[in-house]
Amino acid sequence: MTNKSSNNKIEKQLHEARQNLLDLTMRNRLLNFKTTNAKTIKVIDCVPADIYDILVLQEKKMEFSAVYKRKVPQSNAEVVIRQNNRFLQTSLELDDLKKYLFKINHEAQSVLEEQGYTVLYLALGFLEWTENINTESRLAPLILIPVELERTKIDMSFKVVWTGEDIFTNISLQAKLLEQNILLPEFEMPEIKSDIDTYFKLVDKAISKKTKWRVLPDIHLGFFSFMKFVMYKDLDSKSWPDGKSPVTHPLIKAIFNPSSTDQSISEFSENDVDEKLDARDLYHIMDADPSQIAVIEDVKAGINLVVEGPPGTGKSQTIANIIAELLAAEKTVLFVSEKMAALEVVKSRLDLVGIGDFCLELHSRKSNKKEVLEELRRTIERSPPKSISLDYKFDKLDSYKSELNDYAKALKEPLGEMGISPFKLFCIKEGALRHFEKVKKTMPQIKFSDADKFEKSEWSGAKSNLSDFAEILPSVKPIGKNPWNGCETTTVLPSIGHRLRPKFIPKSLSIDMRIKCLTLINIHYSLKSSLNSIVSEDKS
């Protein structure tokens, strides 16, 4: 596939992905706004430009006011006076106002804490519009000010304050009205309040050919979300500089057309951690096991990868280590997460080890210009830490690592003629201990010399004899009362095997098995004598 056809394929898939971000149905509250008592509060008798002036230009707080008996103001002058008093008038009774504000604040905070972005806005101005002449009128907000509610005490009323984030126009409405060949004017945050009215006039001009369409000076506090529409605009190739279209980006190519990318770099093996890595070249700030270190090395090598794992398996620690390693390599890292909690966990780990000052938080309200400039000033003015020599500690670490690796290697080295490693022998012993614990008996200890000279044939023979002994043991029980108990036999020839008394050794057994019965009784007596001797020695 040629480079041009590959780019065309990616561009087509990217276009389809962008379209999936759009919600231009009437379920979208940005296109079809409806008031609900639990999630919206209507502001009455107020002027949008004056509210913008107080909240944004003056950066002051405003307070909601419940309905009270008074004359309706006869002129804008009376309205402006109340605006200067920073009150947002509503038609709600005091108890209802408090209840609704509490619910709205709780839901807005929940979304912010979980997902890290604002969904509560004060909408200034609405467009009344229709999809066609046969449909009912819809309402769509025009200017959206991101706000939050706050109060110092539980019994005090809520105040609304601008979060400091950018103020948008309704980009969902812009996209929808393009279907009717109506181009809404672009919006930039005004520096004087009169520009709010100017923008409304521009909108009114853009819809002048539409009947029953009009701009309303309505004001509502409510929930709006257009994060997907922001992504939709960001992914537009036309908004990117020449030669830097998303279509040509390596990551986009790797996702939409994997065959066009050749990841020739081999993955780092976790078994090579100690052999290939020097502690002096690592900048881990948290503990990491070999599998996590392998992931870190792959990232450092420029490999694109996905790391999976259930909760508690060290993903956040690995991310923190990756960030530290890339900072040490003088690289820039963008850490993105759908959940705000994930960002906070990693940031707290970086703060804990003293490199949190290298991070600039770009999510939520911390991304406003004032906060960003203040954070840059604070970190630039901070004095660098004193450098210290760690050569001694690195030498000590290398010594410990070498010792541990030698021990691990020795555990796996085969021993003696049997070729069984100490690790496997330990496993055999632990298995035997568990068996004796299960049957509630003490495992006897039998000492024999020249264990390293024990051959596999002898091992197989011993296992075979034990298997036979287990089979014939029921035939000679109880061994302690068997007449042959206490006899010290040497070699029992087959010629006398048939003369063993069947009363004590079953005649149904073969001659060979009868001989083994006698041998088993003899072994039992010898073991019992040896154990009695050991016990006597211990007591003395």
Side-chain angles (χ1 to χ4, degrees), residues 28-36 39-65 73 76 79-91 101 104 108 118-129 137-149 158-174 176-177 184-207 213-226 229-230 365 368:
N28 188 346
R29 298 182 77 243
L30 288 164
L31 302 177
N32 186 21
F33 176 78
K34 294 181 179 179
T35 59
T36 57
K39 293 189 176 182
T40 57
I41 294 178
K42 184 176 182 179
V43 178
I44 61 175
D45 301 336
C46 295
V47 177
D50 291 329
I51 292 178
Y52 181 86
D53 179 43
I54 295 171
L55 279 179
V56 179
L57 299 181
Q58 298 182 42
E59 296 189 35
K60 293 181 179 179
K61 300 176 183 179
M62 301 189 75
E63 187 174 342
F64 288 95
S65 177
N76 283 342
V79 176
V80 174
I81 290 174
R82 285 204 317 281
Q83 291 301 322
N84 289 333
N85 290 331
R86 299 194 296 279
F87 279 98
L88 296 172
Q89 182 62 44
T90 71
S91 59
L101 285 175
I104 290 172
T118 301
V119 293
L120 185 62
Y121 291 84
L122 191 66
L124 304 182
F126 281 76
L127 174 66
E128 185 177 7
W129 69 289
S137 296
R138 318 283 188 182
L139 287 178
L142 291 175
I143 299 175
L144 295 155
I145 302 176
V147 296
E148 64 179 337
L149 298 175
F158 282 99
K159 293 183 179 180
V160 62
V161 59
W162 175 43
T163 64
E165 298 171 79
D166 290 340
I167 298 172
F168 292 96
T169 188
N170 191 340
I171 56 179
S172 301
L173 182 63
Q174 284 182 323
K176 181 65 176 178
L177 295 188
L184 285 185
E186 292 296 329
F187 176 83
E188 294 185 3
M189 289 177 55
E191 296 183 0
I192 55 176
K193 70 176 187 178
S194 61
D195 286 347
I196 296 295
D197 292 326
T198 301
Y199 179 75
F200 290 156
K201 291 177 181 178
L202 292 173
V203 174
D204 191 60
K205 182 179 179 181
I207 63 170
W213 287 36
R214 57 177 177 158
V215 175
L216 304 175
D218 292 356
I219 303 169
H220 285 271
L221 176 74
F223 293 105
F224 302 94
S225 179
F226 48 88
F229 288 90
V230 175
R365 57 208 54 179
N368 67 74

Practice item. Provide the closest heavy-atom pair for Val147 versus Thr163 in the form atom of the first, atom of the second, distance. Key: C-CG2, 3.5 Å
**Study point:** Closest contact, heavy atoms only, Leu55 versus Val161
**Key:** CD2-CA, 4.3 Å
Exercise for review: Determine whether Phe187 and Asn170 make a side-chain contact, defined as any pair of heavy atoms from C-beta on separated by less than 4.5 Å.
Suggested key: no
Practice item. Report the residues that fulfil salt bridge (Lys or Arg N to Asp or Glu O under 4.0 Å) with Glu128, sequence neighbours left out, ordered by chain and then residue number. Key: Arg214
**Study point:** Enclosure of Glu188 CD (heavy-atom neighbours >12, cutoff 6.0 Å)
**Key:** no
Practice item. Might you point out which heavy atoms bring Tyr52 and Met189 nearest each other, and give the distance in Å? Key: OH-C, 3.7 Å
Check your understanding: Taking all non-hydrogen atoms of both residues, which atom of Ser225 and which atom of Val119 are closest, and how far apart?
Key -> CB-CG1, 4.5 Å
Practice item. Could you pull out the closest heavy-atom pair between Pro190 and Asp195, with the gap in Å? Key: CB-CB, 3.3 Å
Review point. What's the shortest heavy-atom distance between Leu144 and Ala123, and which atoms?
Key: CD2-CB, 3.9 Å
Point to revise | Side chain proximity check, Leu142 to Val215, heavy atoms < 4.5 angstrom | key: yes
Review point. Could you state the interatomic distance from OG (Ser65) to CD1 (Ile44), rounded to the nearest 0.5 Å?
Key: 9.0 Å
Revision key, fill the gap. Separation between CG (Leu177) and CH2 (Trp213), nearest 0.5 Å, reads 5.0 Å
Check your understanding: Would you say Leu101 and Leu221 make side-chain contact, with heavy atoms under 4.5 Å?
Key -> yes
Review point. Do Tyr121 and Phe168 have ring centres separated by under 6.0 Å?
Key: no
Revision key, fill the gap. One should read off an interatomic distance between Leu122 CG and His220 NE2, to the nearest 0.5 angstrom, of 10.0 Å
Check your understanding: If you measure from CD1 on Ile51 to CG on Leu124, what distance do you get to the nearest 0.5 Å?
Key -> 6.0 Å
Review point. Are any of the side-chain heavy atoms of Pro146 and Ile167 separated by less than 4.5 Å?
Key: yes
Revision key, fill the gap. Between the CZ atom in Phe64 and the CZ atom in Arg86, the distance rounded to the nearest 0.5 Å is 14.5 Å
Check your understanding: Of all residues at least two apart in sequence or in a different chain, which pass the salt bridge (Lys or Arg N to Asp or Glu O under 4.0 Å) check with Arg29?
Key -> none
Check your understanding: With side chains defined as the heavy atoms from C-beta onward, is the minimum distance between Val203 and Thr169 less than 4.5 Å?
Key -> no
**Study point:** Atom pair CZ/OG1 of Phe224 and Thr40 - distance to nearest 0.5 Å
**Key:** 8.5 Å
Point to revise | Close side-chain approach of Pro48 to Ile219, heavy-atom, < 4.5 Å | key: yes
Study note, to complete from the structure: side chain to side chain donor-acceptor pair (under 3.5 Å) with Asp53: of Lys193, Gln58, Lys60, only one passes, and it is Gln58
